[in-house]
Structures are given as structure tokens and as C-alpha cells.
Amino acid sequence: MRILKTSIHTFFTALLIGSGLTTIQAEGRQDTLLEGGWQFKLGEVSGAELSELKDGDWQTVSVPHCWGWEQAQKGDTNYYRGPGWYRYCLEVKPQPGERYFLRFEAASLVANAYINGQPLGAHRGGFGAFCFEITTNLSASGTNLLAVRVSNLWEPDIAPLSGDFNVYGGLYRPVHLIVTSADNFTLTDHGSSGVAWLQTSISENQATLDVTAQISVGSKPLQPLTFVARILDVDNNEVAATSQTIAPAPMMTAPYFAHLVVPNPHLWNGRKDPYLYRALVELRSTESLVDSVEQPLGLRSYRVDPDAGFFLNGKRYPIYGVCRHQDRQDKGWAISHADMEEDLQLIKEIGATAVRCAHYQHSDYFYSLCDRAGILVWAEIPQVNTIHDSAEFEATSRHQLLDLIRQNINHPSIFVWSLFNEIGNPITEDPHRELQNLNKVAHGEDPTRPTIGATDREKYPQM
């Protein structure tokens, strides 16, 4: 297990056992990557979530991991699409006053997770992150079996229903064990940070931001809490801050709001000057910092004129773009940070100013690379060619859109939310109502960005 540093400074002790007994003491929220030591078996395995199961001929793998590419890259269009099982010995001794979460950055296409035989939940959709709290599921002994059934079998309610790219299976992005204090910024709101920095009004003279933070209170009795929002520049100077005392209900999650103004902001200006502030929200008790979330913040405004084109910060800005998929030879979708960095370097070398992340939600890490490089991002959900006019398909697509927006709303590089790619190729079922509903969801979640779609025909519904 690899420990990731975070910006949170509350003290706790957790007992984690990887390749031996290791006691980790850290200040703040603790994020541990569950990389090596997974057991994997392709196919259906009855009772795989039970600790009594003998692993037998299971394969030892590291996560990220995926299947299907071995056949597909040889030209076999009938590559395996079905279930596979992962098992992991999660040895965590729970401590009083702490909460424990499993966050999966993605699993294709359907994931069902279990701890010690108990179902944690399911996620339908192969590209967004999802998170389960496991605090009450952990064994007091510290030894726990994590089992995950993943299936990339075609499902009638899950986009993409078709397309000219392969849909591999597996836990193809990282898996995290996250430990927080009893009160935190929630991790279970569509796998997001629980924090949205909405850029209400941006100009060279002033940047106005409205922050929404979903705060989850697990302590009982409740301690007095202060909610703080701050913005720091690259030299660590505080340029805006606000704080308020809050009185949340115990054992509840609720939104809290902050309003900040940055005078004379240094704007994020694409490839010319991708300047990033540090945006922090903090939850404080009378004695210490309880929880914190820090994210990069690029202050900018977008506008599209049907005649004059695209404007960044009120000035015309040329868009020279490429499309990117997330696969690599001999890896499929289980690519590394180094692979993504190389992709971005190639995009920069050809002089591109934008990238379309086709045809689905890409890794948060890749979006972060674009933030730092000043590359505009077209972010998309996987509605490709065909839809089903059914309540089930619409519900799953709505959840995929909410995953995309809530997890990535704070990335300054993302300038549009894309709702579809070439729907109606050929038209099998009417997309109008579903696309109109998704458009309303997108603008309700984020009124600051336009929506978009890729088309190969002349007529689509007016949004």
C-alpha cells in the first residue's frame, strides 16, 4: 500500500498491514493506494465475497488492472465481455473517532463491492469514480476481506451502447482507502470532493466565487465547528478568506455556503499563462483542524459567440484541438500517470490548445495535467451513436453526467460539458427528450459552462 500526502492536519493513528505490520501516524486525512497484492479471477465465481473461499488458481495482480485488451489489440472484436472478481486482504484496525472509505476511481462497467461478505453497494457506469463508507463494516480484529465483482458485459441501460472503441473490463484506475475524522467534507457525493467552487463572475478587476461544501457530521455529541474557505496565491499569500460558525445536525450531511471576492485576480489564461491559485476549505473545532480539502483554482471566464467564436477572459482565443482515448498498447485502459504525462506532452508539441476527452469521463489526473498546462478540455459522457428510450437508461446516463460534473467542476481547464457523440447513427430511438433533460441537469449543476455535443447530421433538438 502506498500512502499519499494530503493537506489536512488533524492527528490520528491507524493500524494498516501491507506486507507486514506497519503503524502509520499522520496529520490529517490519510489516503492509501491499494495497489499490489490483489487476487483476480476472470469469470463468475460463486461465493467470491466470502472469506471461506479458497483462492485456488486466482492470479495475483496489481491495480490498476483490466482485461480484454489482450484479444482486442490482436484484432479480435469478440474479446471477453463478462464478469471478473477481485479480492484483497484489507487489514485495518478501526480507531474511535475515525471514519473509513473506499474510493474507486473507475470500474468498467458495473461494480459490486463487498466487505466481509456484506454488500457495500454498486456502481453502474465505467468511467466515473465512486466511494463507499466502510466504517461500520470493518472487523474489530483488523482483518477484512474486500471483494469486488466487475463486469464489462453490455447492459441495455449503460452507455456506451455502441461505438468504434473497445470497452475493457476491470479496476482500471486506482483504488484508495481514505481515513478521516468523524466530521468531514463528504466523500460519498457521487465520488466527488464534496466541494464546488463556482466562478460566478470573473473579470480582470474582480473574481466572485460561491462555494458549496457538503459537510458530513459523524460525531455524537456534536462538537462546535467552524467552516473556513480560503484562497492562496503561488507565493502562499492569502488573497481571500471567509469563515462562519456552523451548527450541523449530528449524523447528517448537509450543504454549507461561502462567498469570496478576489480583487485584481491573476487569470488562468490558457497556454499563455495557466496560473493556478490554491483553494482550501477547512473544518475546524475549538481545538484543531478537523478536515480540509485543497484543490487548484484557475480563475477564468468562457464565452462562445456564434459568429466571432470562442472567448477566454473576454478575448478571442483560438481552439486547435485533438481527441484522446485512454488506452495504450499492452495495457488497455490500465495506464499510468507517466502514460498520461506523455500523452499531454505530445498534445502540447503539436501546438494544440484544446483536447476532447473522447468519448467518456477521463482520469482526474489527466484533467489536472491540462489545468497546469493551460489546455482546454472538452469533457464528455459516453452517449455514443445509440440510446435507449427507457427510464433505466435515462437514470444511468443522468448518474454518469452527475459523476462527471460533481467530480470535475473545479478543473479550470474544462470549458464545456458534452452530452453526446453522433447520436442517431442510425437513429434507433428518439434522443430528444433525454438530451433535453440532461441539458437541464448540466446547467442546474453548473450554470457557468456551456453544454455541447458532437454531431454528424444537421438537425438536433434545440437546447
Side-chain angles (χ1 to χ4, degrees), residues 68 77 79-83 104 106-113 119 121-131 149-170 172-173 189-192 325-326 333 356-362 378-408 416-446 451-457 459-463:
T77 58
Y79 59 93
Y80 177 77
R81 296 195 66 172
F104 300 80
S108 179
L109 282 169
V110 179
N112 296 83
H123 184 263
R124 301 181 71 79
F127 308 98
F130 54 99
C131 185
R149 181 189 187 272
V150 184
S151 174
N152 66 331
L153 186 68
W154 185 93
E155 299 277 358
D157 69 312
I158 303 177
L161 297 178
S162 61
D164 58 355
F165 57 95
N166 300 316
V167 178
Y168 303 124
Y172 70 90
R173 291 186 192 150
D189 180 20
H190 282 268
S192 73
H325 276 283
Q326 64 179 4
W333 285 352
R356 179 184 176 199
C357 290
H359 292 294
Y360 38 76
Q361 180 175 337
H362 286 219
W378 167 321
E380 191 160 287
I381 61 171
Q383 294 211 119
V384 183
N385 298 0
T386 306
I387 75 158
H388 281 170
D389 186 14
S390 69
E392 295 79 11
F393 182 86
E394 291 186 17
T396 305
S397 296
R398 180 178 182 275
H399 279 285
Q400 290 193 61
L401 181 60
L402 289 173
D403 284 353
L404 175 69
I405 295 176
R406 293 191 186 178
Q407 291 166 26
N408 300 293
V416 287
W417 304 117
S418 179
L419 305 181
F420 63 91
N421 171 74
E422 299 179 356
I423 295 294
N425 185 20
I427 290 178
T428 54
E429 298 179 30
D430 187 359
H432 288 66
R433 180 174 56 83
E434 194 243 7
L435 293 180
Q436 289 168 341
N437 289 342
L438 288 179
N439 192 57
K440 292 177 181 177
V441 170
H443 287 291
E445 290 285 319
D446 181 9
T451 53
I452 200 168
T455 178
D456 61 350
R457 56 197 60 238
K459 293 184 178 181
Y460 271 101
Q462 292 295 319
M463 297 299 186

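Numbers here are sequence positions counted from 1.
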Just wondering, do R124 and E392 contact through their side chains at under 4.5 Å, heavy atoms?
-> no
One should read off an interatomic distance between N421 CG and Y360 OH, to the nearest 0.5 angstrom, of 11.5 Å
Exercise. Any sub-3.5 Å donor-acceptor pair from Y80's side-chain atoms to G169's backbone N or O?
Worked result: no
The reported gap from CD in Q361 to CD in Q326 (rounded to nearest 0.5 angstrom) is 9.5 Å
Query raised in the report: I387 and E434: side chain to side chain contact (heavy atoms under 4.5 Å, CB included), yes or no, with the steps?
Result: CA-CA 9 Å; I387 75 158; E434 194 243 7; 4.0 Å; yes
Check whether any side-chain heavy atom of V384 lies under 4.5 Å from a side-chain heavy atom of E422, and answer yes or no.
no
In this structure, NZ of K440 is separated from CD of Q436 (nearest 0.5 Å) by 7.0 Å
Heavy-atom nearest pair, A106 first then G126, reads CB-O, 3.9 Å
*Can you check whether H399 reaches H123 side chain to side chain, under 4.5 Å on heavy atoms?*
no
Only residue of P156, S397, P431 satisfying side-chain contact (heavy atoms from CB on, under 4.5 Å) with H388 is P156
Q407 side chain vs G128 backbone, donor-acceptor pair below 3.5 Å: no
| Is the Y168 ring parallel, tilted or perpendicular to the W333 ring (thresholds 30°, 60°)? | perpendicular
Contact check, side chains of W417 and N408, non-hydrogen atoms, under 4.5 Å = yes
All heavy atoms of R81 vs all of N152, minimum pair found to be NE-O, 2.8 Å
Would E445 and R406 count as a side chain to side chain contact (heavy atoms under 4.5 Å, CB included) if you check the C-alpha gap in whole Å, the side-chain angles of each, and the deciding distance to 0.1 Å?
-> CA-CA 8 Å; E445 290 285 319; R406 293 191 186 178; 2.9 Å; yes
| Given side chains that start at C-beta, do those of L401 and L419 come closer than 4.5 Å, heavy atoms only? | yes
CD of Q383 to CD1 of I423, rounded to nearest 0.5 Å, is 5.0 Å
Distance col, row I452:CD1 vs R356:CZ, nearest 0.5 angstrom, shows 8.5 Å
For G453 and S418 the tightest heavy-atom approach is CA-OG, 3.9 Å
Between A442 and I405 the two heavy atoms that sit nearest each other are CA-CD1, 3.7 Å
| message | Would L161 and F393 count as a side chain to side chain contact (heavy atoms under 4.5 Å, CB included) here? Give the steps. | response | CA-CA 10 Å; L161 297 178; F393 182 86; 3.6 Å; yes
Nearest heavy-atom approach of P382 to A159 is O-CB, 3.1 Å
I158 side chain near Q400 side chain, heavy-atom distance below 4.5 Å: yes
Nearest heavy-atom contact between Y79 and G68 is CB-O, 3.5 Å
Value for CG (L435) from CD (E394), rounded to nearest 0.5 Å, stands at 9.5 Å
Do the non-hydrogen side-chain atoms of E380 and F127 ever get within less than 4.5 Å of each other?
no
With a 4.5 Å limit on heavy-atom distance, are the side chains of H325 and F165 in contact? yes
Step-by-step side chain to side chain contact (heavy atoms under 4.5 Å, CB included) determination, D389 to R433: CA-CA 9 Å; D389 186 14; R433 180 174 56 83; 3.1 Å; yes
